[in-house]
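Beneath this line is the structure, given in structure tokens, with notes to follow.
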Amino acid sequence: MRDRIETDRLILRPLEISDAPAFYHHCLDGSVARNTARIPDPYPLLAAELYILSVRASAGRKANYVYAISDRHSNALLGASGVFKRNVDATDWEIGYWVGPDAKGRGIATEAAGGLIRAATADLVPQRITAGHFEDNPASGRVLEKLGFTYTGCTTRLFCMGRLAYATSLDMALKV
Ligand SMILES: CC(C)(COP(=O)(O)OP(=O)(O)OC[C@H]1O[C@@H](n2cnc3c(N)ncnc32)[C@H](O)[C@@H]1OP(=O)(O)O)[C@@H](O)C(=O)NCCC(=O)NCCS
């Protein structure tokens, strides 16, 4: 999978340790943690640093490609997006994404995930790309619908570290 993905307004690039303060800032209000599975709340700066180091250290597994979403002009970190296999035997690739509260409502998540999907389709040649969103997060479902995903009718119970509780994720898929 390529290192760099460009869209009209964005550059998706590897996360750097210098992104940790901005990453931490975006996670302060808890909305990223509540709507993703593996980000605890609170999320201290050290957690952001460790996450970035672990993503970089495990890049050689070639099963989890995480990108910083950065503004093409200011280079500011707006969020993150990645494509990964849920387990080693999985045939599907799954995508995930988040943007910080300040970047919401401008089409950033859709543009970033769209760029990621185009690159993943070319580089990983998946038969299907999957994604999901918690049932109380319809904005993420809308992002996926705009990208051509449809609901599979299945759900997954995921433990959400930001809620300290299980929550139901609605499964979606994109045939590529
Ligand atoms: C959900 C999230 C990814 C959306 O990011 P974004 O950059 O604002 O998304 P976009 O602007 O590309 O698109 C959002 C769409 O949802 C719609 N939307 C917003 N709130 C909504 C709601 N409560 N119900 C239904 N649709 C909603 C918007 O109107 C827009 O659709 P439109 O273009 O047809 O008007 C972002 O808020 C986020 O990162 N949240 C926290 C983490 C998260 O939820 N990650 C996804 C995990 S599955």
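Between D19 and R13 a salt bridge is recorded (basic side-chain N to carboxylate O distance below 4.0 Å). Contact check on R56 versus E16 returns a salt bridge, with a Lys/Arg side-chain nitrogen under 4.0 Å from an Asp/Glu carboxylate oxygen. Salt bridge absent: K85 and E94 never bring a charged side-chain N and a carboxylate O closer than 4.0 Å.
You'll find the side chain of D171 stays beyond 4.5 Å of the side chain of T130, heavy atoms only. A heavy-atom distance below 4.5 Å is found between the side chains of R9 and I108. Proximity of Y67 to M1: side-chain heavy atoms (C-beta onward) are separated by under 4.5 Å at one or more points. In this structure, the side chains of I95 and L116 come closer than 4.5 Å at one or more pairs of heavy atoms. The shortest distance between side-chain heavy atoms of Y151 and L170 falls below 4.5 Å. With a 4.5 Å cut-off on side-chain heavy atoms, V32 and Y43 do not count as touching. For the pair I117 and F149, the minimum side-chain heavy-atom distance is below 4.5 Å. Residues K104 and S31 are in side-chain contact: their nearest non-hydrogen atoms beyond the backbone lie under 4.5 Å apart.
Judged by a 6.0 Å distance limit and a 45° cone about the ring axis, R163 is positioned over the six-membered ring of F134.
At least one donor-acceptor pair under 3.5 Å links the side chain of S70 to the backbone N or O of I11. A donor-acceptor pair under 3.5 Å is absent between the side-chain atoms of S81 and the main chain of A112, judged by distance alone. No donor-acceptor pair closer than 3.5 Å links the side chain of T156 to the backbone N or O of L158. Side-chain N or O atoms of T7 include one that pairs as donor or acceptor with a backbone N or O of L10 at under 3.5 Å. The backbone N or O of G30 sits nowhere less than 3.5 Å from a side-chain atom of D41 that would complete a donor-acceptor pair.
The cluster map of Ile, Leu, Val, Met, Phe, Trp and Tyr, joined by side-chain heavy atoms under 4.5 Å apart, puts V83 and V66 in different clusters. The same ILVMFWY cluster, assembled from side-chain heavy atoms under 4.5 Å apart, contains both L78 and V143. Hydrophobic clustering of Ile, Leu, Val, Met, Phe, Trp and Tyr side chains at less than 4.5 Å, counting indirect connections, unites L147 with I69. By the criterion of side-chain heavy atoms lying less than 4.5 angstrom apart, applied directly or through intervening Ile, Leu, Val, Met, Phe, Trp or Tyr residues, L12 is not grouped with L15; the two fall into different hydrophobic clusters.
Using a 30° and 60° split on the angle between ring planes, W98 and F23 fall in the perpendicular class, above 60°.
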- Message: Assess the residue pair Y65 and L124 against the criterion (side chain to side chain contact (heavy atoms under 4.5 Å, CB included)); give the C-alpha distance rounded to whole Å, side-chain angles, the decisive distance to 0.1 Å, and a yes or no.
- Response: CA-CA 11 Å; Y65 301 96; L124 303 173; 4.0 Å; yes
- Message: If you apply the rule side chain to side chain contact (heavy atoms under 4.5 Å, CB included), what do you find for Y97 with T110, and how did you get there?
- Response: CA-CA 9 Å; Y97 46 81; T110 306; over 6 Å; no
- Begin with the C-alpha distance, continue with both residues' side-chain angles, and end with the deciding distance and a verdict on side chain to side chain contact (heavy atoms under 4.5 Å, CB included) for I39 and Y51. CA-CA 10 Å; I39 296 181; Y51 173 74; over 6 Å; no
- Item | Evaluation steps, side chain to side chain contact (heavy atoms under 4.5 Å, CB included), between R106 and E111 | CA-CA 9 Å; R106 292 194 281 129; E111 184 172 327; over 6 Å; no
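Shown here is Y24, whose OH atom has no more than 12 heavy atoms of other residues, nucleotides or ligands within 6.0 Å. Counting heavy atoms of neighbouring residues, nucleotides and ligands inside a 6.0 Å radius, atom CZ of R72 exceeds 12 of them.
Residues A68 and L77 share a closest heavy-atom pair of CB-CD1, 3.5 Å. Closest heavy-atom contact between C160 and A33: SG-O, 3.5 Å. Taking every heavy atom of both residues into account, S18 and P21 meet most closely at O-CD, 3.5 Å. Contact record, H26 with G100: ND1-CA, 3.6 Å, taken as the closest heavy-atom pair.
In this structure, CG in N137 is found 9.5 Å from OG in S169, a value given to the nearest 0.5 Å. Distance CZ/R34 to SG/C27: 14.5 Å, rounded to 0.5 Å. Taken from NE2 in H133 to OG1 in T36, the straight-line distance is 14.5 Å, to the nearest 0.5 Å. Atom-to-atom distance recorded for M172:CE and S140:OG is 8.5 Å, nearest 0.5 angstrom.
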